[in-house]
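Single-structure report; data block below.
Order of the sequence lines sets the chain letters (A, B, ...), proteins ahead of strands, with each chain counted from 1. What you see is a predicted model; the values in this text were computed from it and never measured.
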Amino acid sequence: AQSVTQLDSQVPVFEEAPVELRCNYSSSVSVYLFWYVQYPNQGLQLLLKYLSGSTLVKGINGFEAEFNKSQTSFHLRKPSVHISDTAEYFCAVSKMDSSYKLIFGSGTRLLVRP
Amino acid sequence: DAGVIQSPRHEVTEMGQEVTLRCKPISGHNSLFWYRQTMMRGLELLIYFNNNVPIDDSGMPEDRFSAKMPNASFSTLKIQPSEPRDSAVYFCASSSTANTEAFFGQGTRLTVV
């Protein structure tokens, strides 16, 4: 079975500051890794994904994440945040099959202050 | 493509009533998922269909919940009878091997009073 841990339920940060949202996973098999963003009253939108290859993955809106197999982590980073980045961020894993059935972490609310 | 389409966006119903949530996946996608989002439990996978066949329904909370996918372009999630603790946002998502990701609908916010 797979599980995902997002230790930070909320991360407050000032506009234009860097941010890192942490994600750790547990799995007995190899997995794909994803970050999704949810804006208020909206569905989930994919930010980025790691399937294979380079461990540094770049996504939309200036976000990037690094896969670290030894630490079973997939932390999300952005060098300079905007007010519009205020949202809920979810880390997720799926087994390496064709289903893309996702197991989600509990989410981290990013609150960007002016 | 219009994306994954869910209806209704909001539903308020009385305890004991039957509720049906609807989903139209993206054309050409062969996997469909129903998720439930609550403050207490986060995002939980309820059921997963592949090629219209239920593959994994281990997340369905109890017999009051049922899901169907009569064809590749339509799925329903039914709760009968509904209870206040079923209040949540229900998301439908679809995927295909070619896209390597799941696409989510806007969700249905269900309130059972």
Taking all heavy atoms of A/Leu44 and all of B/Phe104, pick out the closest pair and write down the distance. O-CB, 3.6 Å
Counting only heavy atoms from other residues, nucleotides and ligands, does the tally under 6.0 Å from CG of B/Asn71 exceed 12? yes
Taking side chain as everything from C-beta outward and backbone as N, CA, C, O, which of these in B/Arg9 sits under 4.5 Å from a heavy atom of chain A? Side chain, backbone, both or neither. side chain
Checking heavy atoms, do the side chain of A/Lys101, its backbone, both or neither come under 4.5 Å from chain B? both
Are A/Val57 and A/Phe67 connected in the hydrophobic side-chain network, where two residues link if heavy atoms are under 4.5 Å apart? yes
Could you look at A/Gln38 and say if it's the side chain, the backbone, both or neither that has a heavy atom under 4.5 Å from chain B? side chain
ILVMFWY clustering at 4.5 Å (side-chain atoms), partners of B/Met40: none
Whichever hydrophobic residues join B/Val19 through chains of side-chain contacts under 4.5 Å: B/Met15, B/Leu21, B/Leu32, B/Trp34, B/Leu46, B/Ile47, B/Phe49, B/Met60, B/Phe65, B/Met69, B/Leu77, B/Ile79, B/Tyr90, B/Leu110, B/Val112
Atom group of B/Leu45 that falls short of 4.5 Å from chain A, counting heavy atoms: side chain
Is A/Phe34 reachable from A/Met96 through a run of I, L, V, M, F, W or Y residues, each pair having side-chain heavy atoms under 4.5 Å apart? yes
Using a cut-off of under 4.5 Å for heavy-atom pairs, which of B/Gln37, B/Arg41, B/Arg109 has the most such pairs with chain A? B/Gln37
Contact origin within B/Glu44 toward chain A - heavy atom pairs under 4.5 Å: neither
Indicate yes or no: at least one non-hydrogen side-chain atom of B/Tyr35 is less than 4.5 angstrom from one of A/Leu102. yes
Among the clusters formed by ILVMFWY side chains lying less than 4.5 Å apart, do A/Leu56 and A/Tyr89 turn up in the same one? no
